[in-house]
Amino acid sequence: MFALVDCNNFYVSCERVFNPGLNGRPVVVLSNNDGCFISRSNEAKALGLPMGGPAFRFRKTLEAHRVALYSANFALYGDMSSRVMNTLAALAPSMEVYSIDEAFLDMTGFERIGLETYVRSIRHRVRRDTGIPVSIGLAPTKTLAKLANRMAKKNPQFEGVCILPDREAARRAMASMEVGDVWGIGRRHTEFLNLNGVRTALDLADAPPAWVRKHLHITGARVQAELNGDSCLPLELVRPPKQSICTSRSFGSAVTDEAALGQAVAHFATKCALKLRGEGELAALVTVFICTSPFEQKHRRYYGTRTASLLLATQDTLAIVRAAAAVLGDIFKPGLSYKKAGVILGGLAPVAATELRQASFFDPEPLQVQETSSKLMQALDAVNSRYGQGTLRIAADAGTGWKQRQEKLSPHYTTSWDDIIEVRVDS
DNA sequence: TCTGGGGTCCTAGGACCC
DNA sequence: TCTGGGGTCCTAGGACCC
C-alpha cells in the first residue's frame, strides 16, 4: 500500500504557522512579481479566487473581503518542507519526496497495527511537530493514492484521511471523479477523452487498453493500469540526478536596455552555476532565452533562444556567465520591451566522472587553470554561504537594471537571524 | 499598469554509423 | 531488374507534473 501525504494549501499554511492571526481569514500567496495566485486558503477558494488567476483582475474581491496577500517566500517554504519531510521520514520504512509539499510512503506491513489508526497518527504528528496540516490518501497504487488523497481533501467528513483498500472501493471512488482530475491526465487529454465519451476516472479504467495505448501513449497506458490496481510506478527512493538546471524570472517592469538585460542574464547564470555546484554536476550546454510579454496585443511576441556548447564541461561561474553573455549578444534585438529572461544549463554530468572527461583538442585552458577555477569557486561559495548570497559576486552581476516586484514578503522566519530580530523589534 | 518558475518524459524525424 | 539490417544521437514539439 502507498500513502500519499499532501500538505493542505501549503504556502498559505507556512505563513499561518508564523502568523496565527491569519487562521480563519482568506489568505493568498502570489507568484514572483506578485502576479498570480499560487496558493489559496479554503476561505480564499470560497471567494472564487482561481489557482493561477492574475491578482490585478480580482482587486475588488481582494479588497472587499480584506484578503491577506503574501509575496512568495520560497526560502521559508523550502525550509518548512524539509521539516515536514524529516518528520515523515521517521514514520515509514521508505519514502519518496515527490514535490515541495507531497511525499509517498511505503505502508507495507502496517496492516497489523491497523492502517487507518496509523495514518491518522502520522497526520497528527506532522501537525504537532511542524504546524502544517496534511491530508493522506492510501491505496494499492500511486495513482489511486493520489485519487484517494483528493477524496480526503474534497470531503470534510473523511477528516483528512481516505483509504481505498480494494477494487470495489477504488471503483466507487473513480465513478465520482472526473477524468481530468486523475494524476497524469492534463488539459489536452481531458478534452480528447471527453470528446470520446470518457468522462470519469472509471470510464478511463474501463476503456479498451489498446485504444488508450494508441492515443494516450505509454504514459496514459500506465495511468490506466494503475487505476485498475496494477502498480507500474515504484517508489523512487533516491532522487535521480537532474538533467537540466534553469533560472528564469519575469521583470517587474519591461527591460529595453541591452546592458540591463545582460545584468539579469549574468545574475541568472550565476544562480544556475551555484545550483550546479550544489548538485555536484558539470554542464556542457548553456541556453539563454529572452522574451517579450505574451499578453501584449499590439506587437508580435518575440521569443529568442539559443544554446552554446562549452568546449569542456564546467561548473565555473565565470565560464558560464561568459558563455551566457555571448549567447545573449546573438539573440538580443534592439527596440523590444523584454518581460522575461532565463538561463538553462544542460548536458549535465557528475563531477565524480571528471577524470574520464574527454579533453578538447582546442581547449585553451590547461588543467592547472581548471584547478584554480575550482578553488576560486570554493572560496566564492564559502564567503557567500557565510555572509549571504551576493556578498561576493562578479562585476557583470552587480547591476540593478532589472527588478522584480515583491511588496508583501513575509520574514524568512526559519532561515535568517536578521529577520527574526526584525520581528522582535516590530512587535 | 498589472498575468510564475522549474522540471520530466515521450514521440517522431533527421542524420549519422557499420 | 534489382538496393539490408540494426543501431545511436540529437532536436523539436507536445504533454504532463507541482
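Lettering follows sequence order; numbering is per chain, from 1. Bear in mind that the values here come from a model prediction, so they are computed numbers and not experimental data.
With A:Lys339 contributing its side chain and A:Phe251 its backbone, the two residues share a donor-acceptor pair below 3.5 Å. A donor-acceptor contact shorter than 3.5 Å links the side chain of A:Arg123 to the backbone of A:Glu159.
Shown here is A:Arg188, whose CZ atom has no more than 12 heavy atoms of other residues, nucleotides or ligands within 6.0 Å. The number of heavy atoms from other shown groups lying within 6.0 Å of CZ (A:Arg128) is above 12.
Atom P of nucleotide B:dG5 and atom CD1 of A:Ile245 are separated by 18 Å, given to the nearest angstrom. Between the CG atom of A:Asp34 and the P atom of B:dG5 there is a distance of 11 Å, rounded to whole Å. Atom-to-atom, NZ of A:Lys408 to C1' of B:dG4 comes out at 18 Å; the value is rounded to the nearest Å. Look at CZ on A:Phe74: it is 7 Å from C1' on B:dG5, rounded to the nearest Å. To the nearest angstrom, P of B:dT3 lies 12 Å from CD of A:Gln404. When the C1' atom of B:dT1 is taken as reference, atom CD of A:Glu296 falls 12 Å away, rounded to whole Å. Between the P atom of B:dT3 and the CG atom of A:Leu69 lies a distance of 15 Å, rounded to the nearest Å. Rounded to a whole Å, the CG atom of A:Leu276 is 15 Å from the P atom of B:dG6.
Residue A:Pro54 has its side chain nearest to B:dT3 when only B:dG6, B:dT3, B:dG4 are considered.
Here CD1 of A:Ile185 is found 9.5 Å from CD of A:Gln224. Values are rounded to the nearest 0.5 Å. To the nearest 0.5 angstrom, A:Gln315 atom CD is 9.0 Å from A:Met377 atom CE. Rounding to the nearest 0.5 Å gives a distance of 7.0 Å between CG of A:Asp101 and CE of A:Met85.
One finds a side-chain N or O of A:Ser248 lying less than 4.0 angstrom from the OP1 or OP2 phosphate oxygen of B:dG6. Note on A:Lys275: a side-chain N or O is less than 4.0 Å away from OP1 or OP2 of B:dG6. Not one side-chain nitrogen or oxygen of A:Arg59 sits closer than 4.0 Å to the OP1 or OP2 atom of B:dT1. Taking only side-chain nitrogens and oxygens, A:Ser250 comes nearer than 4.0 Å to OP1 or OP2 of B:dG5. Within the structure, a side-chain polar atom (N or O) of A:Lys339 is placed less than 4.0 Å from OP1 or OP2 of B:dT3.
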Under 3.5 Å between N/O atoms: give me all the protein pairs with nucleotides 15-18 of chain C, atom names plus distance.
from: C:dA15; atom 1: OP2; to: A:Arg188; atom 2: NH1; distance (Å): 3.1
from: C:dA15; atom 1: O3'; to: A:His189; atom 2: NE2; distance (Å): 3.4
from: C:dC16; atom 1: OP1; to: A:Gly186; atom 2: N; distance (Å): 3.0
from: C:dC16; atom 1: OP1; to: A:Gly186; atom 2: O; distance (Å): 3.4
from: C:dC16; atom 1: OP1; to: A:His189; atom 2: N; distance (Å): 2.8
from: C:dC16; atom 1: OP2; to: A:Arg187; atom 2: N; distance (Å): 3.4
from: C:dC16; atom 1: OP2; to: A:Arg188; atom 2: N; distance (Å): 3.0
from: C:dC16; atom 1: O5'; to: A:Gly186; atom 2: N; distance (Å): 3.4
from: C:dC17; atom 1: OP1; to: A:Gly184; atom 2: N; distance (Å): 2.8
from: C:dC17; atom 1: OP1; to: A:Ile185; atom 2: N; distance (Å): 3.3
from: C:dC17; atom 1: O3'; to: A:Trp183; atom 2: NE1; distance (Å): 3.4
from: C:dC18; atom 1: OP1; to: A:Lys146; atom 2: NZ; distance (Å): 2.8
from: C:dC18; atom 1: O3'; to: A:Ser99; atom 2: OG; distance (Å): 3.3
from: C:dC18; atom 1: O3'; to: A:Asp101; atom 2: OD1; distance (Å): 3.1
from: C:dC18; atom 1: O3'; to: A:Glu102; atom 2: OE2; distance (Å): 2.8

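Counted by atom type alone, A:Thr317 and A:Arg277 present one or more donor-acceptor pairs between their side chains at under 3.5 Å. Remark: the A:Ser253 side chain and the A:Lys403 side chain contain no N/O donor-acceptor pair separated by less than 3.5 Å. Counted by atom type alone, A:Asp106 and A:Thr108 present one or more donor-acceptor pairs between their side chains at under 3.5 Å. Of the N and O atoms on the side chains of A:Asp34 and A:Ser71, at least one donor lies less than 3.5 Å from an acceptor on the other residue.
Backbone-only engagement by A:Ser244 is indicated by non-hydrogen atom pairs under 4.0 Å involving sugar-phosphate atoms exclusively. Across all strands, A:Asn32 comes closer than 4.0 Å only to sugar-phosphate atoms, never to a base (heavy-atom distances). Across all strands shown, A:Ser253 has no heavy atoms under 4.0 Å from either base or sugar-phosphate atoms. At the heavy-atom level, A:Arg222 lies under 4.0 Å from the strands shown only through sugar-phosphate atoms.
Among the duplex regions that DNA chain B forms, those built from at least three successive Watson-Crick or G-U pairs under 3.5 Å are B:5-18 with C:5-18, ordered by first number.
Each of A:Gly35 and A:His217 has a nearest nucleotide on DNA chain B; the 5'-most of these lies closest to A:Gly35. Nearest-nucleotide mapping onto DNA chain B: of A:Cys246 and A:Ala254, the residue sitting toward the 5' end is A:Ala254.
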From CA spacing to verdict: salt bridge (charged side-chain N to carboxylate O under 4.0 Å, His left out), A:Asp6, A:Lys153: CA-CA 9 Å; A:Asp6 191 324; A:Lys153 278 196 173 147; 3.0 Å; yes

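The one candidate from A:Val12, A:Asn73, A:Asn9 that meets the side chain to side chain contact (heavy atoms under 4.5 Å, CB included) condition with A:Val29 is A:Val12.
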Sugar-phosphate or base contact per nucleotide [nucleotides 7-13 of chain C; S, B, -; heavy atom under 4.0 Å]: -------

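Nucleotides B:dC17 and C:dG4 place their C1' atoms 15 Å apart, quoted to the nearest Å.
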